[in-house]
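Structure record follows, encoded as structure tokens.
The basis for the numbers below is simple: all heavy atoms, side chains too, and nothing from hydrogens, waters or symmetry mates. Worth saying up front: this structure is predicted, and the values here are computed from it rather than measured.
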Amino acid sequence: MGLEPTVTGAAPDVGELEELTGAELNRGEHRVDLRPFRHQLQAIAAPVRRVALLGGYGAGKSAGGAWRALRLASLNPWTPAYGNTRPRGAIVGPTWRILRQATLAALDSVIPRTWVRRRRGSPHNDLWLSNGSVIEFHSALSDIEGQSYSWIWCDEISHPNYSDRLLGTLVSRVRDPRSPFLGELFTGLPVAGWVRDFLDHPPTPKTSEYGGRWTILCATKDNLQLSQESLASISEAVPAGDINTLMGGQWASPLGAIYREFDARESPLGNMTEAIGDPSRPVDLGMDVGEHGAVAFGQPWTVELRDITGGTTQAEGMLVVDQMLTKARSVDEVCYEIRCTKPWQVVPGVSRIMVDPTTRRDERNAIKAHFPGVKIVQRDRDEPTYHVEERIRTVRAALSDALGNRRLLFSRATCSGVKWGVVDALERARRSERGKRIKDDRRDHVEDALAYLVCEKLPLRLTTSKPTGGGFRARRR
């Protein structure tokens with residue numbers, strides 16, 4: 001049975017996954033009664049090392065996790081290479097009570113009796129399988145040291161007993177050199193914080209050097225066996241502000257998050273896209289050069305917008321095709337690097353370069369020397385978007401307006417996964433308890449560079465303030 005994804009960076013479809021489950025869970029008298037939902041099947045058969053099945057209450061996460069755990073156990077049987085030892089997997093719950101009442105209950109509901117050779121209680125707390133492997137049971141509060149596992153399953157990952165440090169320890173234990181297929185499995189709610197930092201990544205295929213990963217999000221309604229009575233009961237127990245996370249299975253926005261409209265899912269549901277832009281077409285630049293400066297590259301991009309009547313129309317949005325972090329470099333050095341290393345076309349008379357309102361004359365002259373004939377846009381003090389809060393509002397509306405239209409998209413190839421990059425800045429921008437924007441010198445500059453670009457190319461039609469002297473326009477240098 002092959003374990004490689006068939007599509008780079010994409011999720012296999014259900015038909016492929018049904019084939020991938022193959023014979024491991026269906027061998028003779030050891031056949032598993034397997035009737036999973038779509039999201040559970042994706043988790044069971046995902047041909048990668050790290051799988052996360054996260055979603056709303058009652059979505060079937062633990063059942064999907066139990067089936068995935070059985071598949072990992074079937075992929076790692078005893079072989080003569082183990083000698084007198086046995087291949088081991090581990091199931092971890094946040095507490096012993098949750099482990100027994102929820103996680104192991106889900107496992108017992110799907111595992112065939114013929115799979116179980118021996119079950120031992122305290123102090124061993126393990127399960128010996130007919131294929132010669134052993135599954136250990138641990139709580140997140142117990143010490144897990146010294147073991148080398150073939151796979152591990154951490155259930156209820158959103159529980160406060162887990163931490164990024166503990167996860168680092170657990171993941172480091174998945175290192176059995178004799179294992180034919182190492183596996184990491186995480187199930188729980190898609191909460192903000194370190195859980196999202198650890199698991200909110202696009203699908204990555206398995207290669208000879210990397211095990212691959214796949215985070216699968218599911219909603220409560222994806223459990224097709226859930227009765228209307230149970231659904232109503234869950235609905236009454238979920239706060240309105242948390243419904244998208246606790247029932248919809250969407251990533252929670254961190255407390256104080258500024259750009260709550262940003263969604264890392266694929267367009268049109270989110271702001272990310274596999275599109276990479278066109279190097280033969282002109283680009284516009286947003287530039288904020290300093291100690292931790294940045295440049296954002298944008299191209300016009302056609303998007304479909306909904307109006308208030310429900311109709312749709314084609315309109316011009318923007319695709320951020322690239323970014324550049326310019327640590328402690330001058331404007332002259334940055335412009336030279338753009339010309340020499342970037343494939344994008346800065347075209348005189350077409351492209352525009354939006355700069356910090358405090359950019360000096362000598363810095364503007366350096367830009368003109370490298371890009372003659374290109375308009376330089378610098379905001380005046382009497383313009384609304386000169387002020388930080390108005391720029392934030394403009395970017396938020398471009399990310400998603402009240403009708404759900406997303407005019408601002410980001411190329412996943414160049415914008416995702418870059419520390420202190422533009423996506424990182426949007427996800428981590430915060431306000432204090434008093435509502436004041438918290439300064440972050442590492443990310444503020446790339447956030448500003450994006451804002452200069454958006455305010456010029458995707459301006460708001462309405463503003464919260466007016467200039468004191470008639471109409472307002474940015475200075476064209």
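- Side-chain atoms of S139 do not come within 3.5 Å of backbone N or O of T95 as any donor-acceptor pair.
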Problem - Derivation and outcome, side chain to side chain contact (heavy atoms under 4.5 Å, CB included), residues M247 and L231 - result: CA-CA 9 Å; M247 291 189 69; L231 188 60; 3.8 Å; yes

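- At distances below 3.5 Å, at least one donor-acceptor pair connects side-chain atoms of T215 with backbone N or O atoms of L199.
- T187 and W153 share a side-chain donor-acceptor pair at under 3.5 Å.
- The distance from atom CG of N405 to atom CD of E304, rounded to the nearest 0.5 Å, is 9.0 Å.
- Between R49 and Y210, every side-chain heavy-atom pair lies at or beyond the 4.5 Å cut-off.
- A salt bridge links D444 and R437; the closest N-O separation between the charged side-chain nitrogens and carboxylate oxygens is under 4.0 Å.
- The CG atom of L403 lies 7.0 Å from the CZ atom of R306; values are rounded to the nearest 0.5 Å.
- Residues L409 and G270 approach most closely at CD2-O, 4.0 Å, considering heavy atoms.
- Counting non-hydrogen atoms of neighbouring residues, nucleotides and ligands closer than 6.0 angstrom, the NZ atom of K221 reaches no more than 12 such neighbours.
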Practice task
Output, in order, the C-alpha distance, side-chain angles, deciding distance and verdict of side chain to side chain contact (heavy atoms under 4.5 Å, CB included) for L170 and H138.
Solution key: CA-CA 11 Å; L170 295 175; H138 296 277; over 6 Å; no

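- A distance-only check finds no donor-acceptor pair linking the side chain of T394 to the backbone of V454 [under 3.5 Å].
- Between A43 and L53, the shortest heavy-atom distance links the atoms CB-CD2, 4.1 Å.
- A salt bridge does not link D440 with R442: none of the charged nitrogens is closer than 4.0 Å to a carboxylate oxygen.
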Practice task
Test salt bridge (Lys or Arg N to Asp or Glu O under 4.0 Å) on R443 and D424 and set out the steps.
Solution key: CA-CA 8 Å; R443 300 179 177 89; D424 189 38; 2.7 Å; yes

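- Side chain of R430 to backbone of I438: no donor-acceptor contact under 3.5 angstrom is found.
- Annotation: side chain of V51 is not in contact with side chain of I44 (no heavy-atom distance under 4.5 Å).
- Classification of D126 and R86 as a salt-bridged pair fails, no side-chain N sitting under 4.0 Å from a carboxylate O.
- The backbone N or O of N161 sits less than 3.5 Å from a side-chain atom of H159, completing a donor-acceptor pair.
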Practice task
Evaluate salt bridge (Lys or Arg N to Asp or Glu O under 4.0 Å) for E266 paired with R412, printing each intermediate quantity in order.
Solution key: CA-CA 9 Å; E266 190 72 11; R412 196 180 294 279; 3.1 Å; yes

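- Annotation for S62 and D155: closest pair OG-OD2, 3.4 Å, computed over non-hydrogen atoms.
- Contact annotation: the side chain of Q40 never approaches that of C218 to less than 4.5 Å [non-hydrogen atoms, C-beta and beyond].
- Contact of the V289 side chain with the S330 side chain is not registered, since no non-hydrogen atoms from C-beta on lie closer than 4.5 Å.
- Using a 4.5 Å cut-off on side-chain heavy atoms (C-beta onward), F137 and R100 make no contact.
- For the side-chain contact (heavy atoms from CB on, under 4.5 Å) with Q323, the qualifying choice from V446, T414, V423 is V446, the only one to do so.
- Judged purely by atom type and a 3.5 angstrom limit, R196 uses its side chain to pair as donor or acceptor with the backbone of A252.
- Residues F181 and V48 approach most closely at CZ-O, 3.4 Å, considering heavy atoms.
- Checking side-chain atoms of E156 against main-chain N and O of I98 turns up no donor-acceptor pair under 3.5 Å.
- Taking CD of E261 as the reference point, atom CG of L408 lies at 11.5 Å (rounded to 0.5 Å).
- Counting only distance, with no hydrogens or angles, the side chain of S74 and the backbone of R71 share a donor-acceptor pair below 3.5 Å.
- Contact check for H292 versus W420: no side-chain heavy atoms found under the 4.5 Å cut-off.
- W151 and N76 are not linked by any side-chain donor-acceptor pair at a separation below 3.5 angstrom, with hydrogens and angles left out of the test.
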Problem - Verdict with reasoning, F186 to K61, per side chain to side chain contact (heavy atoms under 4.5 Å, CB included) - result: CA-CA 9 Å; F186 307 95; K61 305 180 296 295; over 6 Å; no

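- Atoms CH2 and CG, from W251 and L189 in turn, are 10.0 Å apart once rounded to the nearest 0.5 Å.
- Residue-environment remark: CZ (R265) exceeds the threshold of 12 foreign heavy atoms within 6.0 Å.
- Listed for the D108 side chain is no donor-acceptor partner under 3.5 Å among the backbone atoms of A105.
- Within a 6.0 Å radius of CD1 in I276, other residues, nucleotides and ligands contribute 12 heavy atoms or fewer.
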Exercise for the section: Let me see the working for L127 and I91 under side chain to side chain contact (heavy atoms under 4.5 Å, CB included), right down to the final yes or no. Expected result: CA-CA 10 Å; L127 185 69; I91 298 178; over 6 Å; no

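- For the pair T85/R178, a side-chain contact is recorded, criterion being any heavy-atom separation below 4.5 Å from C-beta on.
- Formation of a donor-acceptor pair under 3.5 Å by the S411 side chain with backbone atoms of A275 is found in this model.
- Between D222 and R38 no salt bridge is recorded (no basic side-chain N to carboxylate O distance below 4.0 Å).
- Interatomic distance, S150 OG to L182 CG, rounded to the nearest 0.5 Å: 6.5 Å.
- With respect to the salt-bridge test (charged N to carboxylate O, under 4.0 angstrom), the residues D448 and R391 qualify.
- E427 and A264 make their closest contact through OE2-CB, 4.2 Å (heavy atoms, listed as atom of the first residue, atom of the second, distance).
- Contact between L399 and N271 at its shortest, heavy atoms only, is O-ND2, 2.9 Å.
- No side-chain heavy atom of Y57 sits less than 4.5 Å from a side-chain heavy atom of N223.
- Atom CZ of R406 sits about 12.0 Å away from atom CE of M272, to the nearest 0.5 Å.
- Across E447, R396, R428, a single residue satisfies side chain to side chain donor-acceptor pair (under 3.5 Å) together with Y259, and that is E447.
- Taking the six-membered ring for Trp and thresholds of 30 and 60 degrees, F198 and W194 have ring planes inclined between 30 and 60 degrees apart.
- With a 6.0 Å radius and a threshold of 12 heavy atoms from other residues, nucleotides or ligands, Y336 has its OH atom at or below the threshold.
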